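What follows is a short report on a single structure.
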Amino acid sequence: MNIILFGPPGAGKGTQSKYLVKVTNGIQVSTGEMLREEIKKETDIGKLIINDMNYGKFVDDKIVNELIKRIIFDPQKKNKLIFDGYPRSLTQAKNLDLLLKDSNQKIDIIFFLNVNKDTIVKRIEKRKSIENRSDDELNTILRRYDTYMQTTEPVLQFYSKNSNFHEIDGSLEIDQITRKIDTFINV
Ligand code: AMP
């Protein structure tokens, strides 16, 4: 099963995707994690993206699309993809469509975790105290939210007409969200 978790930063995509990995025997595809890994390992890509990432700006579509391509064509990962944080722009959504077609795959379910700005700010400030991520400063959080509204909202329109699109209230407690997700997956 291939699943997309969609929603603003701090909506709980990471937490729920880890749950989905467990119950569907899937593989988490977190572009944020992949990009942070590039920075940690000081790769050429890491050096290119470090400023944008720390500032809370989106990384160039071309870089992210290239990282995703490697995963989609990995036979070990076929039909096990749990997307967390991708696609985040219309270009990425269209790219994903093409790559899936070319690899004989499709998206089975799209979950949209909808949550408002106030809740996000509170959650990310809490996460900052636990994970100490360099992009979790308040100004950066607000910038990331604005970028989401400008760039990622159109992706919502792209997917929301699909019959496999499900909107879930992301301000609920973690286990309440998990229970709602459970009602849509048959494993
Ligand atoms: P996340 O861990 O999903 O919150 O992502 C952290 C940061 O990584 C974002 O603020 C962006 O700078 C970058 N990033 C993650 N996924 C993407 C993506 N699909 N497109 C562009 N930038 C991304």
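Atoms within each ligand, like the ligands themselves, are counted from 1 in listed order. No experiment lies behind these values; they were computed from the predicted model shown. Sequence positions, counted from 1, serve as the residue numbers for this chain.
At least one side-chain heavy atom of Gln16 sits under 4.5 Å from a side-chain heavy atom of Thr178. At least one side-chain heavy atom of Ile124 sits less than 4.5 Å from a side-chain heavy atom of Arg144.
Identified under the salt bridge (charged side-chain N to carboxylate O under 4.0 Å, His left out) test for residues 61-75, with sequence neighbours left out: Asp74-Lys77.
In this structure, Tyr86 has no ring pair (Phe, Tyr, Trp, His ring centres under 6.0 Å) partners at least two apart in sequence or on a different chain. With sequence neighbours left out, Lys122 forms a side-chain contact (heavy atoms from CB on, under 4.5 Å) with no residue at all.
Sorted by chain then number, the residues whose non-hydrogen atoms approach ligand 1 to under 4.0 Å are Thr31, Gly32, Leu35, Arg36, Met53, Lys57, Phe58, Val59, Val64, Gly85, Tyr86, Arg88, Gln92, Arg133, Asp135, Arg144.
A distance-only check finds no donor-acceptor pair linking the side chain of Asp52 to the backbone of Asp60 [under 3.5 Å].
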